Amino acid sequence: MSQQEQWKSKIGFVLAAAGSAIGLGAIWKFPYVAGTGGGGAFFLIFLVFTLVLGMPLLLGEFMIGRMGQSDPIQTYSKLASNPKWNFIGKIGVFTSFVLLSFYSVVGGWIILYIIKILSGGLAGLSQDQYGQLFGEIISEPYSTILAQLAFMLITIFVVAQGVQKGIELASKVMMPALLILFIALVIRSLSLDGAMEGVKFLLVPDFSKLTSESILFALGQAFFTLSLGVSVMLTYASYLPKTQNLPQSGISIIILNVVIALLAGLAIFPGVFSFGLEPNAGPVLIFSVLPAVFSQMPFGMLFFLAFLILFLFAALTSAFSMIEIIVAAVTKNDVSKRKKTTWIIGILIFIVGIPSCLSYGLLSDAKLFDKTIFDLMDYAVSNILMPLGALLISIFVSRKIPKAELFAELKKGSNVGYAFFSICYFSLKYIVPIAIIVVFIDAAGVSDWILALFNI
Ligand code: PFF
């Protein structure tokens, strides 16, 4: 039996888990998905999903992770005393693999922007030119693939060092820096002319803009930004001692995550409205609006460089968690196999990710269901695999593990009340599964058929 690795400090775990949560989801995806999905109304639904579904699930993963003290696949069979439950962990490991294969593509774009800025190629362009530049940068095949490789190599290098010396140490430096710079950035954005329009767009809900698709996206987004349904949080919690306060850690992570998403929105939308852009521009949003905002301030490019480096950190700390669960599953937590396994898995992920990388250039015409390879992977992970994983985990936690054992686990290291636990438990048992199933059915268009039937 191999010895589990352990976090060195309590705050180290919180920052590593917050690092997994905060990434492209909160900083890059949230503003553009909110922009397309109705602004304030989307944010509100996202917030409700985060609290009502996200928090119980996060605590659910924490509880069974620390209970099982094992890898993401065996935890399930160990706790259920039945190997057939392993499939939940296997789906998570598969999801994580696919996810990192395209996540690293965007990580590569950030690296390319950093290089561009260092070579002086970003200063003094017009808003339109920034948009155009983004299109040029991401469609160039060799540099994007090389940048994606660079992103994977950093990820592999850090995770190969282990839990404490790699993931924890990196997260402890990267996460606080991210928060401080973001605040500076928002202050700058809010002082732009017409900034209030952007703030209103983000914070004042207009429910007429919501569609069933945007509700599905808000659900996907709530799970995505909290890294839920993949057994990542379970794996991180498996490295915890029984003295960690799980509810407190979970709440801190959720607050940090929402704050960063909010700050990202507040950094972007004032600029969007101030420059008369469309909030539903899609993935280009952050890469075209922010340089324009920054270029209007003294030392703007220096600030943008600092922002990009932190953005890269945020993406990296999420990538660490994705590869970590695969490494944990493959090595079964045997430390002696960590280095070699991390390298092999990392390189495989890079190779599998190449078509996604090319889908903004050479392979842009390769489409299925009207989606590029990149979009297809993203859709499968964010809107199908992660909610499915979350559904299975909620069922597992609330129906396979005795309620009293769960409460006993949650109480270790905390004096959490039974009422709080019961609310989370109720949500895991009923609300989470029902919400996911309803949104799934709705997204599959079933509700439209039913409506059509009644109309006849
Ligand atoms: N939470 C990360 C983000 O928002 O960028 C993405 C993520 C990481 C999702 C790890 C799932 C996961 F297992």
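Fair warning: this is a prediction, and the values are worked out from it, not measured in the lab. Start at 1 and go down the list; that is how both ligands and their atoms are numbered.
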Side-chain H-bond candidate by donor/acceptor type, [X] with [Y], under 3.5 Å:
X	Y	value
Q244	S249	yes
T243	K10	no
Q74	S77	no

Please table the atom pairs, donor to acceptor, closer than 3.5 Å between any side-chain atom in residues 53-61 and protein atoms at least two apart or in another chain.
residue: E61; atom: OE1; partner: M233; partner atom: N; Å: 3.3
residue: E61; atom: OE1; partner: L234; partner atom: N; Å: 3.0
residue: E61; atom: OE2; partner: G229; partner atom: N; Å: 2.9

For a distance cut-off of 3.5 Å, show me each N or O of ligand 1 paired with any protein N or O, plus the separation.
residue: ligand 1; atom: 1 (N); partner: S20; partner atom: O; Å: 3.0
residue: ligand 1; atom: 1 (N); partner: A21; partner atom: O; Å: 2.8
residue: ligand 1; atom: 1 (N); partner: F224; partner atom: O; Å: 2.8
residue: ligand 1; atom: 1 (N); partner: T225; partner atom: O; Å: 3.4
residue: ligand 1; atom: 1 (N); partner: S227; partner atom: OG; Å: 3.0
residue: ligand 1; atom: 4 (O); partner: A21; partner atom: O; Å: 3.0
residue: ligand 1; atom: 4 (O); partner: G25; partner atom: N; Å: 3.2
residue: ligand 1; atom: 5 (O); partner: L24; partner atom: N; Å: 3.0
residue: ligand 1; atom: 5 (O); partner: G25; partner atom: N; Å: 2.9
residue: ligand 1; atom: 5 (O); partner: Y103; partner atom: OH; Å: 2.4

Checklist entry - Is the shortest side-chain N to carboxylate O distance from D378 to K371 below 4.0 Å? => result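 Salt bridge flag = no for K371 with D378.
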
Checklist entry - Side-chain contact, heavy-atom cut-off 4.5 Å: V106 with F151? => result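 No, every pair of side-chain atoms sits at 4.5 Å or beyond.
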
